[in-house]
Amino acid sequence: MSISLPIRIAVVGARRGRTFINIAKMLPDKMRLEAVCDINEEVLAEWHGTEVRVYDSFEKLLEDPHVDAICLATPLTMHARQAIAALDAGKHVLSEVTAAWTLEECRDLSAAVRRNKSTYMMAENCCF
């Protein structure tokens, strides 16, 4: 699957996803921040009135046709479930570590990667 540049991304977990947001700002020819998603209204408030779309529902974000890829910066117990849903919605996924919480989630995530044409990547956003 070819990907057109810039990749239109959404960051899920906007407070914790600051690294992804900052990288998108540094690489405007490679990626464009299209949307942010968070359940905390205070976190979302800073995005109101900007060109970035704001979602408080992950499910609604997945319906956005202007988002190519999802960057997951949510609590690790949510990563596998959200990555699977995003892949099944035709979105590419960049997920913070840890990718899955249980072995069953690992199997389910692997199956989702195999059955979809979208790309999945696990990433770390902290320097050690």
Can you tell me how far the OG1 atom of Thr98 sits from the CE atom of Met122, to the nearest 0.5 Å?
->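 Atom-to-atom, Thr98:OG1 and Met122:CE are 7.5 Å apart.
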
In Å, rounded to the nearest 0.5 Å, how long is the span from CG of Asp68 to NE2 of His66?
->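 The NE2 atom of His66 is 10.5 Å from CG of Asp68, to the nearest 0.5 Å.
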
Pair [X] + [Y]: basic N to acidic O under 4.0 Å:
X      : Y     : value
Asp108 : Arg81 : no
Arg16  : Glu96 : yes
Lys91  : Glu63 : no

Test item: [X] and [Y] side chains (from C-beta on) under 4.5 Å apart, heavy atoms:
X     : Y      : result
Ile21 : Trp47  : yes
His92 : Tyr120 : no
Val93 : Val113 : no

Can Arg107 and Glu105 be said to form a salt bridge (Lys or Arg N to Asp or Glu O under 4.0 Å), step by step?
-> CA-CA 5 Å; Arg107 285 189 291 272; Glu105 285 181 344; over 6 Å; no

Atom CH2 of Trp101 with >12 non-hydrogen neighbours under 6.0 angstrom |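 Result for CH2/Trp101: open.
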
Would you say Met78 and Val97 are hydrophobically clustered, going by side-chain heavy atoms of ILVMFWY under 4.5 Å?
->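 Cluster IDs for Met78 and Val97 differ.
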
Please confirm whether the backbone N or O of Leu72 pairs with a side-chain atom of Ser95, one donor and one acceptor, at under 3.5 Å?
->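 No: the side chain of Ser95 does not pair with the backbone of Leu72.
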
Salt bridge (Lys or Arg N to Asp or Glu O under 4.0 Å) evaluation trace for Arg15 with Asp38 | CA-CA 8 Å; Arg15 181 184 56 82; Asp38 204 292; 5.9 Å; no

Please report the shortest heavy-atom distance between Gln82 and Phe58, naming the atom on each side.
->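 Between these two residues, the closest heavy atoms are O-CZ, 3.4 Å.
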
